[in-house]
Visitor: 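Just dropping this structure here.
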Amino acid sequence: MNEHPSVMRSLVVYKAGVEYIAKWTVKSTDGKVKREKENGFTIPVVKSEPENVFYPSPKQEKSLKREREENFESEFKPKKIKIENDKAKGKKRKQDDEDVKPKKTKNNKKGEVADGKKKAKPEPEEKWKWWEEERYTDGVKWRFLEHKGPVFAPPYEPLPGNIKFYYDGKHMKLSIATEEVATFFGKMLDHEYTTKEVFRKNFFKDWRKEMSSEEKAKITDLKKCDFNEINDHFKAQSEARKAKTKEQKLKIKEENERLLQEYGFCLMDTHKERIANFRIEPPGLFRGRGDHPKMGMLKRRSRPEDIIINCSKDSKHPKPPPGTKWKEVRHDNKVTWLVSWTENIQGSIKYIMLNPSSRIKGEKDWQKYETARRLKKCVGRLRSQYHEDWKSKEMRIRQRAVALYFIDKLALRAGNEKEEGETADTVGCCSLRVEHINLYPEKDGQEFVVEFDFLGKDSIRYYNKVPVEKRVFKNLQLFMENKAAEDDLFDRLNTSILNKHLQELMDGLTAKVFRTYNASITLQQQLKELTSPDDNIPAKILSYNRANRAVAILCNHQRAAPKTFEKSMQNLQAKIDTKKDQLSDSRRELKSAKADAKVRRDEKSKKTVETRKKAITRIEEQLMNLEVQATDREENKQIALGTSKLNYLDPRISVAWCKKWEIPVEKIYNKTQREKFAWALDMAEDDYEF
DNA sequence: ACAATGACTTAGGATGGTTGAT
DNA sequence: ATCAACCATCCTAAGTCATTGT
């Protein structure tokens, strides 16, 4: 296993940020009064009814009444002050604390009710525990929002004169606009995209739109275009980048850091929060996934005039670059985005939003798991209901019930319908077509087998053979009767109908909640089943990964096998072999040492025997760890664990497991993940139950 | 009803820095 | 010191789902 950063690190990072807050706060202080209060426990204001009062309630959130919208389903534990848990594990830190700025002690509430004098420099507080505070109701997402706006893509830099484009074998100097788009294509020459007909056709069409009339007249066939020098140029550039000296690299790094510091944070309410994507997407060629009809189209450069800024009225608005204007500056605190623009390929809106570690994302994430936990409580009832519904007289109800069964059992996505010709042809549950399943009354010794074969999100193939209840099977036969392959399997159903139904069954229930629920419950149950108390840490972690893998398989999270997979597997195997040899050598040595000791019967030789024994134990353990590693890697070849870990698994399950078995949480979550799940790290105890 | 829009979550691949072996 | 493997981060596409508009 490799090194893990010590726990302390995140605390440090956070503290580093604190000073900055101070600046912001001060600066915007004129906002005053109100802001101040918001911060501590005092908060609020929230206009709405006071029914939301804060439930100091402890773990059982059982009784939640709550109206939809901002419900509090969460359990609120009383605020405890516990210090960042970096407790323990103190030993390893090494790089971590480098910068520790002497922060002060402060206890949690930063708001300091107590001393609240504003001006006071904001004391260095510890990490803000937003999860110990009340939430907004009414769809209000924030009361104050200030940021610096987006960072635009750098302007196009024309090619050096010696890099030429050839048309039909002859050098041709392109106008700037035409050249820029040519470089987008030239850069990608090695990519198989550029060999696809659709890609080429779309590219060429859009490229021609950028051409001057002379260029357009001349360049009429993409096959006659020679982008090789352009391609070489960018390759060389990338090499050059890699070959830069340390100083040069450092300089770039510093510049990035500066940009991050300036644009990468915003002030939301009284807290400085990290922004996820503060850069506007650069122009380029659209790369859709799968068979996308728009692949190769030109994604145009966004200008300030395309950008909408969202911030609070009383904040200092970001300024557009000199000589330009924003499309609009609005003050909508019912949404979470800071910046938006409309993208030209699909006409959809893109946003700049906050990082997952932010309060606004964290709260929502927490809430998502609470909804899934509520489903846990009533899933039994829902299941019996849809079983009943398989017998309904109404076709729409049967379809709904069978679809729901798939969503529940197989963790299929809802499956919205999509506009044909605008996107790749992919489906989810409600949009399955007859051609996506095959029915086998009997297959491989099992009865009533349904074979699924379709492309889901991101054009990832879903292939599965599942035995189902006879009733489901019969229903499917019925749904498919007299239909053509390309007809909808569930012709009386769509996601809107399904979700409306689910909403009636449980507040906040939608199709995707089943994925969250089934993923989390599977992890919990697999961990219970797979963790052996006597295993060492690496073996326990293997168990964790296997539990995680069970979920990834359930959710069909795949990845292309790493290009270097075979090789790295071989290397690992070689290591194992070496270790084995070492082990037999050691054993031989032990034997001879024993023989020797028998003869000599002196202390020294006895000691040698002991040493040898120990060495063997150590080697055995190393060997075992290597083998565990190999197993883990092999099993993981085409499975991506990250997606479920990040989006489907209630982090409190993992935290509790770590606590229970004394596994350092950094073995499970890296720094970014720990930041995202700070709420869970702080609140989950070893007995947490999903 | 239902289509379109808007906001927000979920997703895999690309990129580039770090690390550990040689 | 060099190099490849590894992995965190970035990137942005592709979903979900509620709301709005017709």
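What you see is a predicted model; the values in this text were computed from it and never measured. Here is how names work: the chains are called A, B, and so on, in the same order as the sequence lines, proteins then strands, and each is numbered from 1.
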Visitor: If the cut-off is 4.0 Å, is His557(A) near the phosphate of dT10(B), judged by side-chain N/O to OP1 or OP2?
Guide: no

Visitor: Pick out the pairs of N or O atoms, protein on one side and nucleotides 20-22 of chain C on the other, that lie under 3.5 Å.
Guide:
none

Visitor: So Gln558(A), base contact, sugar-phosphate only, or nothing? Heavy-atom distance under 4.0 Å.
Guide: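 Sugar-phosphate contact only.
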
Visitor: Calculate the interatomic distance between Gln237(A) atom CD and dT15(B) atom C1'; express it in whole Å.
Guide: 15 Å

Visitor: Nearest 0.5 angstrom please: Lys141(A) NZ to Thr336(A) OG1, how far?
Guide: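 Answer rounded to 0.5 Å: 6.0 Å.
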
Visitor: Of the nucleotides dA11(B), dA7(B), dA13(C), which one has an atom closest to the side chain of Tyr351(A)?
Guide: dA7(B)

Visitor: Under the criterion salt bridge (Lys or Arg N to Asp or Glu O under 4.0 Å), I'd like the reasoning laid out for Glu281(A) against Lys350(A): C-alpha separation, chi angles, the key distance, then a yes or no.
Guide: CA-CA 9 Å; Glu281(A) 295 172 15; Lys350(A) 301 274 194 152; 3.2 Å; yes

Visitor: Which is more 5' along DNA chain B, the nucleotide nearest Met353(A) or the one nearest Asn556(A)? Just name the residue.
Guide: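 Result: Met353(A).
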
Visitor: Output yes when Asp291(A) and Lys196(A) qualify as a salt bridge under the 4.0 Å nitrogen-oxygen rule, no when they do not.
Guide: no

Visitor: Of all the nucleotides listed (dC8(B), dG13(B), dA13(C)), which has the minimum atom distance to the side chain of Lys299(A)?
Guide: dA13(C)

Visitor: Would you mind reading off the distance between Leu285(A) atom CG and dA13(C) atom P, rounded to a whole angstrom?
Guide: 12 Å

Visitor: To the side chain of Lys253(A), which of dA7(B), dT10(B), dT18(B) is closest?
Guide: dT18(B)

Visitor: OP1 or OP2 of dC11(C) sitting under 4.0 Å from any side-chain N/O of Asn277(A)?
Guide: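 Looking at the OP1 and OP2 atoms of dC11(C), neither is under 4.0 Å from any side-chain N or O of Asn277(A).
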
Visitor: Is the shortest distance from a Lys or Arg side-chain nitrogen in Glu422(A) or Lys294(A) to a carboxylate oxygen in the other one below 4.0 Å?
Guide: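 A salt bridge links Glu422(A) with Lys294(A).
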
Visitor: Given atom CZ of Arg241(A) and atom C1' of dG17(B), what is their separation to the nearest angstrom?
Guide: 13 Å

Visitor: Quick one: do Asn416(A) and Thr495(A) satisfy side chain to side chain donor-acceptor pair (under 3.5 Å)? Show the steps, please.
Guide: CA-CA 6 Å; Asn416(A) 282 319; Thr495(A) 55; 2.5 Å; yes

Visitor: Report the residue (Glu419(A) or Ser340(A)) whose heavy-atom-nearest nucleotide on DNA chain B is the more 5′ of the two.
Guide: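 It is Glu419(A), whose closest nucleotide lies nearer the 5' terminus.
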
Visitor: Could you tell me the separation between the CD1 atom of Ile275(A) and the CD atom of Glu273(A), rounded to the nearest 0.5 Å?
Guide: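 Result: 10.0 Å between the selected atoms.
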
Visitor: Rounded off to whole Å, could you give me the CG-to-P distance for the Leu646(A) and dG13(B) pair?
Guide: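 That distance rounds to 16 Å.
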
Visitor: Under a 3.5 Å distance rule, please check whether Ser520(A) uses its side chain to pair with a backbone N or O of Tyr517(A) as donor and acceptor.
Guide: no

Visitor: Whole-Å distance between dG13(B) P and Gln638(A) CD?
Guide: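 These atoms are roughly 11 Å apart.
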
Visitor: Using atom OH of Tyr648(A) as one end and atom C1' of dA11(B) as the other, report the distance to the nearest whole Å.
Guide: 9 Å

Visitor: Give a yes or no on whether the ring-centroid distance for Phe406(A) and Phe452(A) is below 6.0 angstrom.
Guide: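 Between Phe452(A) and Phe406(A), which both carry aromatic rings, the centre distance is below 6.0 Å.
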
Visitor: Any N/O pairs under 3.5 Å between the protein and nucleotides 14-17 of chain C? List them or say none.
Guide:
from, atom 1, to, atom 2, distance (Å)
dA14(C), OP1, Arg289(A), N, 2.7
dA14(C), OP1, His292(A), ND1, 3.3
dA14(C), O4', Asp458(A), OD1, 3.4
dG15(C), OP1, Thr426(A), OG1, 2.7
dG15(C), OP1, Asp458(A), N, 3.1
dG15(C), OP2, Lys418(A), NZ, 2.9
dT16(C), OP1, Ala414(A), N, 3.2
dT16(C), OP1, Gly415(A), N, 2.7
dT16(C), OP2, Asn416(A), N, 3.0
dT16(C), OP2, Asn416(A), ND2, 3.2
dC17(C), OP1, Thr510(A), OG1, 2.8
dC17(C), OP1, Ala511(A), N, 3.3
dC17(C), OP1, Lys512(A), N, 2.7
dC17(C), OP2, Asn499(A), ND2, 3.1
dC17(C), O5', Asn499(A), ND2, 3.4

Visitor: To the nearest Å, how far apart are Glu239(A) CD and dT15(B) P?
Guide: 13 Å

Visitor: Do we see a donor-acceptor contact under 3.5 Å between the side chains of Asn548(A) and Ser644(A)?
Guide: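 Result is yes, a qualifying pair exists.
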
Visitor: Mind checking if Pro282(A) touches a base, just sugar-phosphate, or nothing, with heavy atoms under 4.0 Å?
Guide: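 Here Pro282(A) touches the backbone only, sparing every base.
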
Visitor: Is the backbone of Cys311(A) close enough, under 3.5 Å, to the side chain of His331(A) for a donor and an acceptor to pair up by distance?
Guide: yes

Visitor: Could you state the atom-to-atom distance from CG of Asn647(A) to P of dC8(B) in whole Å?
Guide: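 It works out to 17 Å between those atoms.
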
Visitor: Check whether any side-chain N or O of Lys364(A) sits under 4.0 Å from OP1 or OP2 of dA7(B), and answer yes or no.
Guide: no

Visitor: Can you find a side chain N or O atom of Ser496(A) that sits less than 4.0 Å from OP1 or OP2 on dC2(B)?
Guide: no

Visitor: Of the nucleotides dC8(B), dT12(C), dG6(B), which has the atom closest to the Lys350(A) side chain?
Guide: dT12(C)

